[in-house]
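Chain letters run A, B, ... following the sequence lines, proteins first and then strands; every chain starts at 1.
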Amino acid sequence: MSIRVYNTLTHKKEPFKTIEDKKVRLYVCGPTVYDNAHVGHAMSTLVFDIIRRYLEYRGYQVQHVMNYTDVDDKIIRRANALGKDPQQLAQTYIDKYDQHLSDLNILPATFKPRATGEMQNIIDFVQDLIEKGFAYVVDGDVYYRVRKFEPYGKLSHRNVDEMRSGARIDVDERKEDPLDFALWKAAKPGEPSWHSPWGEGRPGWHIECSAMSMAHLGDQIDIHGGGNDLVFPHHENEIAQSEALTGREFATYWMHNGMLQLSGEKMSKSVGNLITIEDFLKDHPADVLRLMVLNSGYRSPLTFNDEVIEQAHKALERLQSGLKPDLPGAEGAPAEDITALSDQCKATRSGFETCMDDDFNSAGALGNLFELVRVINQARANGATLQQLDEAQALLRELSSVLGLRLENGQTSHAADAFINLLVELRTELRAKKEWELSDRIRDQLLELGVVVEDSVKGSTWYWQ
RNA sequence: GGCGACGUGGCCAAGCUGGCAAGGCAAGGGUCUGCAAAACCCUCAUCACGGGUUCGAAUCCCGUCGUCGCCUCCA
C-alpha cells in the first residue's frame, strides 16, 4: 500500500519516498504573466492540485510552491506594445490568475513567490555559480557553462554532443559554447533592471525557479512539476544550476503533465488556438474542466473539443445524481440493497486508493466513484431513506473533494427556497386535479429559472440546476 | 534529422511488472410515468497492422504505418 510515481528522470514508476517522513516539498512551475491564461495552463495547475490533494488525503503535509515569472522578455515586449509599465502589466495578470485559481477550486500554494521579489536570492545564486566555475560573465551578461556540468541532459535524455547539431538558433559569438544559457541579462535602455555585481540587469528565466525553490523549500525537494514542454531546456537547466551549486540531487521526482490538445495540436500562444480560462468559465462550471482532466491520465495529451466538454458536463451530472435526496415517500430499501451499499463503500474507497496510489490514476479512481453512484441510485430507486444513503453519500462527497470536485451547483443562497416549495406544492395540487397544462407551465418556467422539478408517483422533488 | 510518448467499441478513456476488456458520454430496447425529465434494468469491443516469445498477450520483444510532444518562448 504505497504510492508509486512516474519519474521523468528514470522513465519509470517508482515507490514514493519523501526526504522527510510524511512531508512533501512540491515545486510547480507557474505561468509567465504577460497575457490571459488559457485552459492549458489550467490543466497543469489542476493536475498538481489533484496530486497535492491526494497526498494530503494520504497524510502528507505538503509544502507547495508555485512561482510567478513576472520579469521576462515577453512581458517587456507586451508592455511596450501596450504602452504600459511592465510591472503593472504583470500585476494585472497575477491578480487575474489568482482569481482563476480560486474559481477552479485550486488550493492556494503555501508560497507564491515572484521573481522580482527574490532578486537577492537570484543574484547570490548566480554569484555562487560564478565562484564555483559554472558560470562566466561577458559584457554584463552571465552564462551557465553547460559542458562543465557532467550530467547535463539526464532529465531530457539527450546528450550534449547530439544537441550541438540541433542548436541552430543565432549563435552568440560571445558565449563559450552555443549550449550555454543566460543566467543574467544586461539591461537594455528602458528595461526594468536591478543592481548586480555585473551591472544593471535582470535574471534569466531558468535561474528564477532554481533560486525560488531553494529559498522556500531548501536544497532538495521531493517533487518538481510542470508541463512536459518544460522538460527541455527549462527543467534540465534548473537541474544544472541547482546541482552545480549544492552538489546534491535537486529533486527526487520530476513529474510532467501532458499538453492539452485543441483540434489535434497543443494549445499555445504561438499556434494561436487559445481558449482562455475566463472564456471557458463563462460557459461551464469549473468542475467540468476538472472532470476532463481527471478523466484522462495526467501524462497523456488531453483532447479538448466541444464534444468532450459536453460529455464531461453529463458525467458531472451523473456524479451529482448520487447526491440527490431520497424519493418522496421513501419507506426504506430492502436489506440486500443496504448490504450492497455498505459493501460498495468499502470497495469504492479501496479501489479509489489503489488507483490513485498508482501514479495518481484519476480516471480509474473516477470509475470507482461512478460505481458508487450506481449503487446509491439503485438503493434510492428501491426506496432507501436519506439515513440509509448517508454513509455512501458522505463517502461520495469525501472522495470527490479529494479530487477537488465541488459537485455543487454554486447556489449559495436559500432565500428563494420557501417560494419554490410553495410553487411545487401548489403544482402538486394542480396535478391532483389533472390540470396538466398549468402544472407543465410551472415546471417549464421553473426550469428556465434553473430549478429542475422531478415527478414521481408519490410526489415531486426539485433542485437547483 | 535526433530524442521521447502514444495508437483500446461512434466519442472520451482505465487496464500494460501476461490469465475471463473498468467507467463516463452517445445509441437501441425495457420498467416507472398524464406527459416530460430523472432513476433503474438489458444490449453494444478481442485492444493500429505484421511477425515473435509463452500453456496463455491489449499487456513482453522486433518491424511497419499513423498521431502527438520536445529539440526555439511555452503549463
Side-chain angles (χ1 to χ4, degrees), chain A residues 8 11-13 28-32 34 37-48 66 69 72-74 77 153 156-159 161-163 165-170 205 225-234 236 256-261 264-271 291-292 294-297 299-305 307-319 321-322 324 327 351 355 358 361-371 373-374 376-382 431 434-437 439-440 443-444 447 452-457 460-461 463:
Chain A
T8 306
H11 284 180
K12 283 193 193 108
K13 283 184 198 170
V28 182
C29 290
T32 299
Y34 71 108
H38 57 74
V39 286
H41 297 113
M43 174 188 177
S44 182
T45 181
L46 281 166
V47 161
F48 289 99
M66 189 207 75
T69 297
D72 136 294
D73 290 336
K74 291 192 294 291
R77 214 177 302 138
S156 52
H157 302 98
R158 312 159 191 238
N159 74 59
D161 295 310
E162 279 172 359
M163 273 184 267
S165 55
R168 46 180 113 87
I169 296 307
D170 58 332
W205 175 41
N228 67 13
D229 54 349
L230 298 185
V231 173
F232 189 90
H234 186 54
E236 195 70 70
H256 294 98
N257 63 275
M259 293 294 102
L260 191 144
Q261 303 280 127
E265 267 183 309
K266 169 184 167 185
M267 181 177 291
S268 77
K269 188 90 179 165
S270 46
V271 182
L291 213 48
M292 290 166 66
L294 288 165
N295 185 47
S296 78
R299 288 188 277 131
S300 313
L302 175 63
T303 310
F304 189 92
N305 58 43
E307 189 180 2
V308 169
I309 294 171
E310 183 53 29
Q311 289 174 5
H313 243 289
K314 291 293 179 57
L316 177 60
E317 284 172 19
R318 172 83 187 154
L319 280 178
S321 78
K324 288 183 187 175
L327 296 176
C355 288
D358 181 14
N361 175 3
S362 55
L366 258 191
N368 281 279
L369 295 192
F370 282 115
E371 281 168 21
V373 167
R374 190 181 64 242
I376 290 173
N377 289 344
Q378 279 168 348
R380 186 197 298 102
N382 291 335
R431 292 182 66 222
K434 299 194 191 298
E435 305 241 14
W436 308 127
E437 198 181 325
S439 66
D440 286 355
R443 187 176 61 196
D444 292 346
L447 183 62
V452 181
V453 179
E454 294 181 354
D455 297 330
S456 76
V457 211
S460 304
T461 54
Y463 58 91

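With hydrogens and angles disregarded, no donor-acceptor distance shorter than 3.5 Å links the side chain of Arg443(A) to the backbone of Asp455(A).
For the pair Asn377(A) and C40(B), the criterion of a side-chain N or O lying under 4.0 Å from OP1 or OP2 is met. Phosphate contact (OP1/OP2 of A26(B), side-chain N/O of Lys314(A), threshold under 4.0 Å): present. The shortest distance between the side-chain N/O atoms of Thr303(A) and the OP1/OP2 oxygens of A13(B) is below 4.0 Å. Using a 4.0 Å cut-off, no side-chain N or O of Arg443(A) falls inside it from OP1 or OP2 of A38(B). A close approach under 4.0 Å does not occur between any side-chain nitrogen or oxygen of Asn368(A) and OP1 or OP2 of G23(B). Under 4.0 angstrom from either OP1 or OP2 of A75(B) there lies no side-chain N or O belonging to Lys269(A).
Counting non-hydrogen atoms under 4.0 angstrom, Val308(A) reaches the backbone sugars and phosphates but no base.
Judged by distance alone, with hydrogens and angles left aside, Asp73(A) brings no side-chain donor or acceptor close enough to the base of C73(B) to form a pair under 3.5 Å. Counting atom types as modelled, Asp72(A) pairs no side-chain N or O with a base atom of C73(B) as donor and acceptor under 3.5 Å. For G23(B), the base has no donor-acceptor partner in the side chain of Glu371(A) [N/O atoms by modelled type, under 3.5 angstrom].
Atom C1' of A21(B) sits at a distance of 25 Å from the matching atom of C40(B), rounded to the whole Å.
With salt bridges taken as basic N to acidic carboxylate O contacts below 4.0 Å, none links Arg158(A) and Glu236(A).
Listed nucleotides A75(B), C11(B), G69(B) differ in distance to Glu265(A); the shortest reach to its side chain belongs to G69(B).
Ring-to-base geometry places Trp436(A) in a stacked arrangement with G34(B) (centre distance under 5.5 Å, plane angle under 30°).
Counting non-hydrogen atoms of neighbouring residues, nucleotides and ligands closer than 6.0 angstrom, the CD atom of Glu437(A) reaches no more than 12 such neighbours.
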